[in-house]
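Encoded as structure tokens, the structure appears first; notes follow it.
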Amino acid sequence: MSASMKSDVAYEKMADVESSLLKPHKYSRCILVITSLIAVVLLLFSLQTFLIPSIITSGLNKNPPIMQTCTDTCRLVLLESIPVGMEFNSSVGHPSIYQAWRSLLSEAQSSLDIASFYWTLTNEDTKTQEPTANQGEEILQELVQISGKISVRIAVNTPTDKQPHHDIQQLINAGANVRDVNLRDLTSGVLHTKFWVVDKKHVYIGSANMDWRSLTQVKELGAVIYDCKCLAEDLEKIFEAYWFLGDSKIIPSPWPSQYTTAYNKDTPMQLAINGTDSGVYLSSSPPSLCAEGRTSDLQAILSVISDAQQFVCIAVMNYLPTMEFTSFKRYWADIDTELRRVAFERKIHVRLLISCWDSTSPLMFPFLRSLASVQDSKSNLDIQVKIFIVPSSASQKKIPFARVNHNKYMVTDRIAYIGTSNWSGDYFVNTAGSALVVNQTTTSSSESTVREQLQAVFERDWDSSYSTPLNQDSNLEQICAM
Ligand SMILES: *[C@@H]1O[C@H](CO)[C@@H](O)[C@H](O)[C@H]1NC(C)=O
Ligand SMILES: *[C@@H]1O[C@H](CO)[C@@H](O)[C@H](O)[C@H]1NC(C)=O
Ligand SMILES: *[C@@H]1O[C@H](CO)[C@@H](O)[C@H](O)[C@H]1NC(C)=O
Ligand SMILES: *[C@@H]1O[C@H](CO)[C@@H](O)[C@H](O)[C@H]1NC(C)=O
């Protein structure tokens with residue numbers, strides 16, 4: 001109390017100091033300045049001596065997490081869902097998310113934990129009769145089968161009355177443990193994360209929802225990492241936080257020590273991915289769900305952008321420098337500002353690949369045009385935006401909420417970032433998401449790296465005929481109606 005009053009006083013004096021600098025010098029002013037500076041120094045000193053040590057000892061964990069050397073032979077495979085009917089003139093391709101889920105299900109021996117937004121794995125859920133729902137339906141059947149055999153835990157955003165409950169009910173009946181996480185009440189957001197942890201050693205993370213359309217009708221990107229206990233244990237801590245919240249009316253603050261992590265943007269986990277030395281960490285949002293040591297998703301994104309030395313490539317479905325779902329209008333330009341800053345101050349080439357479909361907010365385009373106007377070869381300013389369209393046949397058009405590029409990743413000349421969030425304010429302020437950050441900066445490996453593979457995916461999409469440059473006179477109706 002008294003400390004904050006004192007600092008208010010000091011703050012006013014500081015304001016005084018500033019105005020005095022603009023005026024002719026006066027002795028009395030000078031003395032005031034010196035006294036107030038001394039007061040500030042004394043205040044900081046007393047804070048440091050008396051307050052900070054007690055904060056540290058009271059907040060400190062009994063068992064601070066210890067950084068361990070990871071000796072696992074982690075293998076990372078990039079994954080994609082390419083909607084049926086799309087074809088690229090490129091050899092760049094990766095196993096499907098469906099294949100990876102199948103292989104994880106066949107490997108699982110003791111446990112499977114899934115963080116999910118919603119579940120619509122069958123035609124019944126979407127009231128469709130699409131043959132391409134078969135992959136989702138198969139996954140659900142396999143999940144039902146193993147739910148009776150091994151520990152299956154599912155954290156899901158609390159379903160609304162309108163949302164189908166069949167899949168979840170079937171899994172519960174088969175023996176799965178399900179917790180609804182009511183982030184609406186806890187943070188005014190949703191649980192939007194999508195990841196799996198299998199046997200505490202394999203991990204899947206990416207943009208795909210537990211939705212049959214995410215396997216065959218929506219373009220998705222993710223990664224599976226096999227035999228990587230260190231990373232799986234860290235992701236498990238994020239899962240355990242959701243699991244706890246499924247049973248809680250409050251968010252712990254601070255989170256108890258078992259949720260803390262030693263791995264973050266400043267001290268990433270050092271491990272070999274396919275034999276290549278990498279610095280890796282997992283970020284999480286919103287900040288209230290980050291235990292001690294966890295880098296927030298926004299901080300991860302900003303640090304990856306500011307770390308780039310040549311280019312930043314971003315592929316996200318939605319991009320808005322605003323909040324989307326608040327009842328009042330709020331501007332939110334943290335990422336936007338950082339992109340413009342690196343383009344201007346450090347001549348970084350920035351490219352954004354954004355999606356357009358029926359549900360796209362038209363508000364996205366004036367802001368994207370504004371970014372794309374930061375373009376001038378003389379002053380070496382280079383921000384470019386392209387709109388990616390997944391084309392649909394007449395029958396595909398009838399599938400609700402499908403046929404869109406749902407990717408959420410970023411690749412720079414140094415880092416691969418694979419996330420689960422749309423890029424607008426809500427996803428970093430109140431919605432739960434998480435991301436995998438792989439830093440292979442120090443690598444001089446001859447093997448292809450995750451970063452290189454992710455960049456190749458970006459270049460393939462950017463150069464394809466599915467992408468159209470956005471400029472000041474683009475006709476959006478024409479672009480988006482493709
Ligand atoms: C990537 O790793 C390098 C070398 O350890 C480090 O200097 C850099 O800050 C890291 N970048 C990010 C964005 O974490
Ligand atoms: C991303 O944004 C779109 C459009 O607002 C929304 O439909 C979707 O649920 C969001 N989250 C996902 C699943 O990526
Ligand atoms: C890692 O190895 C697997 C095969 O074991 C391969 O499919 C994958 O592409 C490799 N990943 C990288 C990043 O090289
Ligand atoms: C593939 O190449 C053909 C011929 O150049 C072109 O018409 C088509 O649009 C290309 N497809 C993609 C997806 O880029």
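Note that ligands are numbered from 1 as they come in the structure, with each ligand's atoms numbered from 1 the same way. Being a predicted model, the structure only gives us computed values, none of them experimental.
Remark: SG of C70 is not found under 2.5 Å from SG of C228.
Counting only heavy atoms from C-beta outward, the side chains of M323 and V429 approach each other to under 4.5 Å. Looking at heavy atoms from C-beta onward, P400 lies in side-chain contact with T128 at the 4.5 angstrom threshold. At a threshold of 4.5 Å between non-hydrogen side-chain atoms, the residues I399 and T126 do not count as touching.
Atom 13 (C) of ligand 4 has as its closest protein heavy atom E87 O, 3.2 Å. Given atom 2 (O) of ligand 1, the protein heavy atom at minimum distance is N439 ND2, 2.3 Å. From the protein, the heavy atom lying nearest to atom 1 (C) of ligand 3 is N274 ND2, 1.4 Å. Remark: minimum distance from atom 4 (C) of ligand 1 to any protein heavy atom is reached at T442 CG2, 3.9 Å. At the shortest separation from atom 3 (C) of ligand 4 among protein heavy atoms lies N89 ND2, 3.5 Å. At the top of the distance list for atom 5 (O) of ligand 3, counting protein heavy atoms only, stands R75 CD, 3.5 Å. The shortest contact between atom 7 (O) of ligand 3 and any protein heavy atom is with V77 CG2, 4.0 Å.
Under the 4.0 Å distance rule, the nearest protein heavy atom to atom 11 (N) of ligand 4 falls inside the cut-off.
At least one donor-acceptor pair under 3.5 Å links the side chain of S278 to the backbone N or O of T276.
Between W462 and F388, the ring center distance fails the sub-6.0 Å criterion. With ring centers used as reference points, W423 lies 6.0 Å or more from Y427.
When non-hydrogen atoms are compared, ligand 1 lies under 4.0 Å from the side chain of I415 (C-beta onward) but not from its backbone. The proximity of Q453 to ligand 3, defined as any non-hydrogen pair under 4.0 Å, is limited to the side chain.
An N or O contact shorter than 3.5 Å is missing between S303 and ligand 1 by distance. Considering backbone and side-chain N/O atoms, S465 comes within less than 3.5 Å of an N/O atom of ligand 4. Considering both main-chain and side-chain atoms, L76 comes within under 3.5 Å of ligand 3 through a nitrogen or oxygen pair. Where the criterion is an N or O separation shorter than 3.5 Å, residue side chain and backbone included, S448 meets it with respect to ligand 3.
Heavy atoms of M86 stay at 4.0 angstrom or farther from ligand 4. In this structure, G279 falls outside the shell of residues with a heavy atom less than 4.0 angstrom from ligand 1.
Counting heavy atoms only, D307 comes closest to atom 8 (C) of ligand 1 of the residues V438, D307, T295.
Between S421 atom OG and N318 atom CG the span is 11.0 Å, to the nearest 0.5 Å.
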CA sep, side-chain torsions, deciding dist, call: S370, R340, side chain to side chain donor-acceptor pair (under 3.5 Å): CA-CA 10 Å; S370 156; R340 291 168 196 264; 2.8 Å; yes
Can T120 and D211 be said to form a side chain to side chain donor-acceptor pair (under 3.5 Å), step by step? CA-CA 5 Å; T120 48; D211 183 328; 3.2 Å; yes
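Residue S464 approaches ligand 4 through these ligand atoms, each under 4.0 Å from one of its heavy atoms: 14 (O).
For the residue pair D297 / Q299, no side-chain donor-acceptor distance below 3.5 Å is found, with atom types taken as modelled.
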